[in-house]
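So the structure is just underneath, and the comments pick up after that.
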Amino acid sequence: FRSSSSSFTAPRHAAPPILLPRSIPHAPARMTCMGFFAPGLVTGSMCWLALACVATFVQNMLFVKETPKITLAESRQLGLIVVWLSMTCMWLFWAFVYMHQLVPLIYPVHTAVLE
């Protein structure tokens with residue numbers, strides 16, 4: 001089909017649409033797995049690292065106290081253990097949730113809209 005007013009040429013053999021059953025979930029044909037180096041995971045991990053460094057600074061400035069039962073060095077060491085252990089646990093929980101959303105195990109089931 002050629003029109004005199006435009007230079008558009010319609011394809012002679014158009015590919016038929018691919019129809020997949022709704023009950024079979026499918027993934028995109030070229031899904032690339034970046035694993036632990038997915039951009040969102042790396043960026044989020046850097047944010048958690050920065051937050052841990054800020055929490056360490058705050059702990060050293062505000063929460064290190066010497067008491068009759070604990071020395072200054074022991075107080076600092078205990079604070080560092082609490083801050084880094086809690087940050088590691090929170091980062092792991094966040095990373096697990098984030099990675100779970102990268103590769104969903106259950107695909108959404110779409111139902112037909114009744115009018």
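Values reported hereafter were calculated over all heavy atoms of this structure, with side chains retained and with hydrogens, waters and symmetry mates removed.
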Taking a hydrophobic cluster as the set of Ile, Leu, Val, Met, Phe, Trp and Tyr residues connected by side-chain heavy atoms closer than 4.5 Å, whether directly or through intermediates, do [X] and [Y] fall within one such cluster?
X: F63; Y: F57; value: yes
X: L41; Y: M90; value: yes
X: M99; Y: W91; value: yes
X: L62; Y: V82; value: no
X: F96; Y: F93; value: no

Do any N or O atoms from the side chain of [X] and from the backbone of [Y] form a donor-acceptor pair under 3.5 angstrom?
X: S75; Y: E66; answer: no
X: Q101; Y: Y98; answer: no
X: T43; Y: G40; answer: no

Inter-residue atom distance [X].[atom1] - [Y].[atom2], 0.5 Å rounding:
X: L72; Y: K65; atom1: CG; atom2: NZ; answer: 10.0 Å
X: L85; Y: L80; atom1: CG; atom2: CG; answer: 12.0 Å
X: W48; Y: L92; atom1: CH2; atom2: CG; answer: 10.0 Å

(Q) Please find the pair of heavy atoms, one from T56 and one from W84, that lie closest to each other, and give the distance. (A) OG1-NE1, 2.9 Å
Q.
Looking at every heavy atom in both K69 and E74, which two are closest together, and how far apart are they?
A. O-OE1, 4.4 Å
Q: Give a yes or no on whether W94 atom CH2 has more than 12 heavy-atom contacts from other residues, nucleotides or ligands under 6.0 Å away.
A: yes
